[in-house]
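Both counts, for ligands and for their atoms, begin at 1 and track the order of listing.
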Amino acid sequence: NRAAASRRLGIADPLVAAAAETGLNGRVLLVEDRVSVAERLQSALSAFHLVEVEPDSQRAAVRAAEEDVDAVLISLDLQGQDGLRLCSQLRSLDRTRDISVLLMGEAEDRGRILRGLDIGAHDFLIRPIDRNELLARVRTQVRRKRFTDRLRDSLQSSMEMAVLDQLTGLHNRRFMDTRLAAMFDESALRARALSVMVLDVDHFKVVNDSWGHDAGDEVLKEFADRVRACTRGIDLVARMGGEEVVVVLPETGPKAAYAVAERIRERVENTPFAIYNNSREIPVTVSIGVASRKAGDASSADIVKRADDALYRAKASGRNRVIA
Ligand code: GH3
Ligand code: MG
Ligand code: MG
Ligand code: MG
């Protein structure tokens, strides 16, 4: 209960004590160059947070970027250093933008505190700083930071889910459709080369039928890794569905594209694929159709159509080959 928590923690305000007990521990960086002031704040906070003192504001900026800090408390009374400058640095850098910033100043610092809030400080404390108020405000800002982190993580993962194939981690068909159109337009506009290859694992149905669907999935993942390993960062690699993968190679003409395709084909054929947690190896081959942009092409669909036709011929003429 609240009164007991209040006694146990030595915090007068039972509400603050109860809140503190629920166990939100933050990493707090205290930017204060007066040792005794820093020690007093640190001892008040350190029952609930991991607090480190940094007297130098520029080192504080570096530490905030490198260490996993939730909140930075900045003294506005630093000797020969500008606490507001640190505040604006933290708020403008990608690495530190989400860290909570709290300013600490004297009553007559109100003007600078207002400016600090204007450049993005989240909260402030006026000296003499009340221990309960300190704990409550820091706690709120640590919670805000954690909430922002969770939000960003889930936003990022849902963005990834929208463009990535879950099994292989390659881009998905939807992403390919929009990106390929843009890549085609750019190559046509700037008269640059662009090549597309369509890859399809040979007799993949036999892998599934002989070794099971899970083994098939393992083969698909390994296949995707090998394709990725043979391509550059600027190439677009997407799983179009089933065991079919499309690779788009910007700035790449027919000869170079053929060479990449042949490298992939060999890399698949030459090393058997491990299944059942590496307890067994099976041979796999792939057929690849390659096509490049031509002057008369109206859209990327024209190139993909030629690559698809080439793939069909690769299958019809015996598989495990590249046809351009
Ligand atoms: P071909 O050499 O002519 O390409 O023969 P194939 O057997 O590879 O071609 P087909 O298109 O007949 O078979 C593809 C198989 O891929 C059928 C389907 O069950 C399987 N498949 C599609 N998606 C997945 C998947 O996500 N996981 C697994 N394990 N199998 C899949
Ligand atoms: Mg196939
Ligand atoms: Mg297929
Ligand atoms: Mg197809």
Measure the distance from [atom] to every protein heavy atom, then report the residue, atom name and distance (to 0.1 Å) of the closest one.
| atom | answer |
| --- | --- |
| atom 3 (O) of ligand 1 | Arg319 NH2, 3.0 Å |
| atom 25 (C) of ligand 1 | Arg239 NH2, 3.5 Å |
| atom 1 (P) of ligand 1 | Lys315 NZ, 3.4 Å |
| atom 15 (C) of ligand 1 | Phe204 CD2, 3.9 Å |
| atom 22 (C) of ligand 1 | Gly242 CA, 3.4 Å |

So, Arg293 side chain and Ser187 main chain: donor-acceptor pair closer than 3.5 Å or not?
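Yes, the answer is positive, given that a donor and an acceptor are paired below the 3.5 Å cut-off.
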Closer than 4.0 Å to some heavy atom of [X] - which atoms of ligand 1 meet that?
| X | value |
| --- | --- |
| Val201 | 2 (O), 4 (O), 8 (O) |
| Asp202 | 2 (O) |
| His203 | 1 (P), 2 (O), 5 (O), 6 (P), 7 (O), 8 (O) |
| Gly216 | 29 (N) |
| Lys205 | 6 (P), 7 (O), 8 (O), 13 (O) |

Tell me which part of [X] gets within contact of ligand 1: side chain, backbone, both or neither, using heavy atoms under 4.0 Å.
| X | answer |
| --- | --- |
| Leu220 | side chain |
| Asp217 | both |
| Asn208 | side chain |
| Glu244 | neither |

Is the number of heavy atoms from other residues, nucleotides or ligands under 6.0 Å of Phe175 CZ greater than 12?
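Check passes, neighbour count above 12.
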Is the CG atom of Asn277 crowded by more than 12 outside heavy atoms at less than 6.0 Å?
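Incorrect, the count does not exceed 12.
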Do any N/O/S atoms of Val201 come under 2.8 Å of the Mg ion (ligand 2)?
yes
Have [X] and [Y] got a donor and an acceptor in their side chains that come within less than 3.5 Å?
| X | Y | answer |
| --- | --- | --- |
| Arg127 | Ser75 | yes |
| Arg226 | Thr271 | no |
| Ser100 | Arg144 | yes |
| Gln89 | Gln58 | yes |
| Asp200 | Ser287 | no |

With carbon and hydrogen excluded and only N/O/S kept, which atom of Glu243 is nearest the Mg ion (ligand 3)?
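Closest N, O or S atom of Glu243 to the Mg ion (ligand 3): OE1.
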Please give the atom name: the N, O or S atom of Asp200 nearest to the Mg ion (ligand 3).
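In Asp200, the N, O or S atom with the shortest distance to the Mg ion (ligand 3) is OD2.
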What are the two closest heavy atoms between [X] and [Y], and how far apart are they?
| X | Y | result |
| --- | --- | --- |
| Arg232 | Thr252 | NH2-OG1, 2.9 Å |
| Asp235 | Pro250 | OD1-CD, 3.4 Å |
| Ile119 | Ser88 | CD1-CB, 3.6 Å |

Is atom 10 (P) of ligand 1 near the protein, in the sense that some protein heavy atom lies at less than 4.0 Å from it?
no
